[in-house]
Amino acid sequence: MTLLDAATAVRENAYAPYSRFKVGAALRAGSGKIYTGCNVENVAYPEGTCAEAGAIAAMIAAGDTEITEILVIADSPSPVPPCGGCRQKISEFAGPEVTITLATTAGQSRAVTMADLLPGSFNAGHMVQSNDH
Ligand code: THU
């Protein structure tokens, strides 16, 4: 099973009655296992969750903690990029060199890196306080 196949399949289960924009995400973890997620909207709009968040939650629940590659797909006129919040969520578990593939259901795709999507990211190193070093 490829990430494209997995994300395409899970996207069908997206719950997106409000935006009608179904998104699927699939990631490969350090163990080699694939985890998937889809967007889950809510009538209280801000309570909806993105596909990437679902895939990350599944990975953590299963005991993996490292993303080695991730793919996101939607029926979009151009390859769909993760939203800003998802970029931060992915970066918690993906190094700057990790490939993020943005795909469309029509077959377009574009590969970028974590560093491309979230340059200058906030990380744990920024929380070291002056009396710690
Ligand atoms: N969405 C995702 O699931 N991932 C993204 O990276 C972009 C946006 C979802 C959220 C919402 O359910 C719908 O797409 C429209 O914004």
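Every number for a ligand or one of its atoms is a count from 1 in the order of the listing.
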Item to check | From M59, E66, E69, K33, residue fulfilling side chain to side chain contact (heavy atoms under 4.5 Å, CB included) relative to R28 | outcome: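 Only one option passes, and that is E69.
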Checklist entry - Using the ring of each side chain (for Trp, its six-membered ring), is F122 parallel, tilted or perpendicular to H126, with breaks at 30° and 60°? => result parallel
Next on the checklist: Could you check whether T8 and D5, counting side-chain N and O atoms only, form a donor-acceptor pair closer than 3.5 Å?
Outcome noted: no
Checklist entry - What residues come within 4.0 Å of ligand 1, counting heavy atoms only? => result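 S19, F21, V23, N39, E41, C50, A51, E52, P81, P82, C83.
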Checklist entry - Is the backbone of P79 close enough, under 3.5 Å, to the side chain of S76 for a donor and an acceptor to pair up by distance? => result no
Checklist entry - L102 versus P82: any side-chain heavy-atom pair under 4.5 Å? => result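 Yes, close enough: below the 4.5 Å cut-off.
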Next on the checklist: Side chains of T105 and R11, heavy atoms from C-beta outward: is any pair under 4.5 Å?
Outcome noted: yes
